[in-house]
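Order of listing sets the numbers, starting from 1, for every ligand and every atom in it. In this text the structure is predicted, and so the values were computed from the model without any measurement. Basis for what follows: all heavy atoms, side chains included, without hydrogens, waters or symmetry-related copies.
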Amino acid sequence: MMAKVLLILIALSTCYCSAQVVPPPPPPPPPPTHTTPPAAALPAAAQEYLDAHNQAREEVGVGPLKWNQQLAKTASLQVRYQRDRQNCSFANLTNSNYGGNQLWASGLSVTPRAVVETWVAEKKFYSYANNSCAPDHRCGVYTQVVWKKSGELGCAQAACGKEHASLTICFYNPPGNVIGEKPY
Ligand SMILES: *[C@@H]1O[C@H](CO)[C@@H](O)[C@H](O)[C@H]1NC(C)=O
Ligand SMILES: *[C@@H]1O[C@H](CO)[C@@H](O)[C@H](O)[C@H]1NC(C)=O
Ligand SMILES: *[C@@H]1O[C@H](CO)[C@@H](O)[C@H](O)[C@H]1NC(C)=O
């Protein structure tokens, strides 16, 4: 029997917006690039995360991200930690060297494209002219996707059986959402 599933999606981005008076941290050194396999070798999921990001970036004239295997590995460790030790809740990425977008979704999996599209859906609440977000919206997930100075991407998803949910994290290097800067 087919059941109609109500998909619940909750998005979160890290940003440096809570530290209004503190200058943004210097960008971390880039992860080693020699671990990045050639584009042809990317797993299907990686390619899908990447394509969905780069489509949104192209729409606003921002160059593409590159997949970074080290960032993907870091994301994988983090989502598995959240699954195994934190009841599938959002990771606290306040002290991360990377920008981070997260998505908690009901159900055990959500496609990479659907994950990224949920973040990009915030675009309509973002005003580029005054670099602000409509009340009660979180445009940070969108602005991180299209952040021009972010060059590398790595994402991972964990299925959380107990919670019947999934958690997806994408890391960006260098991090975006620097307070006082526009994404592009
Ligand atoms: C996870 O859930 C269990 C059972 O509800 C609870 O005992 C535990 O404290 C929770 N752990 C965290 C890190 O929230
Ligand atoms: C996240 O970690 C930072 C630094 O350790 C801490 O100050 C902050 O309270 C934490 N936030 C949450 C929601 O736990
Ligand atoms: C930003 O601009 C939009 C329209 O482009 C406007 O609706 C909104 O009120 C503005 N916000 C601020 C904080 O000026």
Side-chain angles (χ1 to χ4, degrees), residues 3 5-32 49 53 65 68-110 112 114-123 125-126 131-147 149-183:
V5 177
L6 176 64
L7 186 64
I8 301 168
L9 303 162
I10 306 171
L12 186 75
S13 67
T14 23
C15 62
Y16 301 108
C17 33
S18 55
Q20 297 275 349
V21 293
V22 180
Y49 284 117
H53 275 84
L65 296 168
N68 182 286
Q69 197 50 44
Q70 191 58 45
L71 285 179
K73 193 178 163 195
T74 304
S76 175
L77 288 171
Q78 186 79 55
V79 288
R80 283 184 280 152
Y81 176 79
Q82 299 307 122
R83 177 194 65 194
D84 297 341
R85 308 290 292 276
Q86 299 292 325
N87 295 341
C88 211
S89 62
F90 284 132
N92 183 345
L93 302 177
T94 304
N95 290 334
S96 174
N97 285 335
Y98 308 122
N101 272 0
Q102 306 190 56
L103 187 81
W104 185 97
S106 62
L108 287 177
S109 86
V110 52
V115 168
V116 179
E117 282 175 354
T118 302
W119 296 332
V120 172
E122 290 296 299
K123 178 180 185 174
F125 304 110
Y126 174 68
N131 196 23
S132 67
C133 195
D136 301 324
H137 282 278
R138 297 183 176 275
C139 303
V141 286
Y142 170 66
T143 53
Q144 174 61 86
V145 167
V146 297
W147 199 268
K149 289 179 185 167
S150 294
E152 295 180 314
L153 174 72
C155 307
Q157 184 176 105
C160 305
K162 188 158 51 84
E163 294 80 12
H164 205 76
S166 73
L167 182 70
T168 307
I169 297 180
C170 286
F171 281 129
Y172 304 81
N173 186 57
N177 289 340
V178 176
I179 189 71
E181 288 186 25
K182 280 187 166 185

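Identified under the side chain to side chain donor-acceptor pair (under 3.5 Å) test for residues 153-164, with sequence neighbours left out: N87-K162, Q157-T168.
For N92, the side-chain contact (heavy atoms from CB on, under 4.5 Å) partners at least two apart in sequence or on another chain are T94. When the ring pair (Phe, Tyr, Trp, His ring centres under 6.0 Å) test is applied to Y81, no partner is found at least two apart in sequence or on another chain.
Under 4.0 Å from any atom of ligand 2, one finds heavy atoms of residues N92, T94, N95.
Taking every heavy atom of R85 and a limit of under 4.0 angstrom, the matching atoms of ligand 1 come to 13 (C). Close contacts between ligand 1 and Q86 involve ligand atoms 13 (C) [criterion: under 4.0 Å to a heavy atom].
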Take I169 and F90 through the side chain to side chain contact (heavy atoms under 4.5 Å, CB included) test and state the conclusion after the steps. CA-CA 9 Å; I169 297 180; F90 284 132; over 6 Å; no
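A donor-acceptor contact closer than 3.5 angstrom links the side chains of N177 and T143.
Rounding to the nearest 0.5 angstrom, the gap separating the OG atom in S89 from the CD atom in Q102 is 8.5 Å.
Checked against the 6.0 Å centroid criterion, the rings of H137 and Y142 do not qualify as a close aromatic pair.
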